[in-house]
Amino acid sequence: RGLLEGVLERAVEQLRARGASGLSAWLGPSICGSCYEVPAAMREESAERIPAVAATTSWGTPALDLRAGARERLTALGVGVVEPSGAGPSCTLENERLSSHRRDPGSGRIVGLVWRSGPRGEDAA
């Protein structure tokens with residue numbers, strides 16, 4: 001719900017209001033659009049707000065691609081998007097090394113990080 005209700009927009013707005021510039025976001029592991037099955041009505045309602053989230057599972061049912069939606073919103077806000085590479089599949093349902101609520105409800109945690117760098121790219125405390 002956070003993505004659809006504007007949490008990224010509000011976060012970027014607040015960061016910029018506090019003087020942040022040159023923002024980049026790292027998109028970590030999440031369930032992919034080929035696995036995140038949802039009711040058709042939810043996909044349609046979600047796609048009305050953020051068209052990029054509309055997806056279909058690998059078995060042909062309605063789905064949401066939240067990574068695509070986040071990437072689209074961040075890019076539209078002028079935020080650079082960084083995605084991990086070389087670590088294997090980043091779908092939390094497909095990769096058993098990653099926590100997945102769908103695969104094992106209640107087993108893992110979600111985390112968000114924000115940091116700022118100094119004027120010359122040095123990390124600031």
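These numbers were taken from a predicted model, which means no experiment stands behind them.
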Practice prompt. Decide side-chain contact (heavy atoms from CB on, under 4.5 Å) for Leu27 and Leu74; before the verdict, give the C-alpha distance in whole Å, the side-chain angles of both, and the deciding distance to 0.1 Å.
Written response: CA-CA 10 Å; Leu27 297 180; Leu74 290 164; 4.0 Å; yes

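A side-chain hydrogen bond (donor to acceptor under 3.5 Å, both in side chains) check over residues 38-49, counting only residues at least two apart or in different chains, returns the pairs Arg43-Thr56.
Rounding to the nearest 0.5 Å gives a distance of 13.0 Å between CG of Leu15 and CZ of Arg10. Summarising the geometry, atom CD1 belonging to Ile31 is positioned 8.5 Å from atom CG belonging to Leu66; distances are rounded to the nearest 0.5 Å. Separating the CD atom in Glu37 from the CG atom in Leu93 is a distance of 10.5 Å, to the nearest 0.5 Å. Here CZ of Arg67 is found 14.5 Å from OH of Tyr36. Values are rounded to the nearest 0.5 Å. Atom CG of Leu3 sits about 9.0 Å away from atom CG of Leu64, to the nearest 0.5 Å.
Between Ala54 and Ala47, the closest heavy-atom pair is CB-CB, 3.9 Å. Residue Thr57 comes nearest to Cys35 through the heavy atom pair CG2-C, 4.4 Å, listed as atom of the first residue, atom of the second, then distance. Nearest approach of Cys32 to Cys91, heavy atoms of both residues: N-SG, 3.4 Å. Residues Gly33 and Ala63 come closest through the heavy atom pair O-CB, 3.1 Å.
Counting only N and O atoms by type, the side chains of Arg18 and Gln14 include a donor and acceptor under 3.5 Å apart.
With a 4.5 Å cut-off on side-chain heavy atoms, Leu8 and Val79 do not count as touching. Using a 4.5 Å cut-off on side-chain heavy atoms (C-beta onward), Arg73 and Val53 make no contact.
Other members of the cluster containing Trp26 are Val82, with ILVMFWY side chains joined at under 4.5 Å, either directly or via other members.
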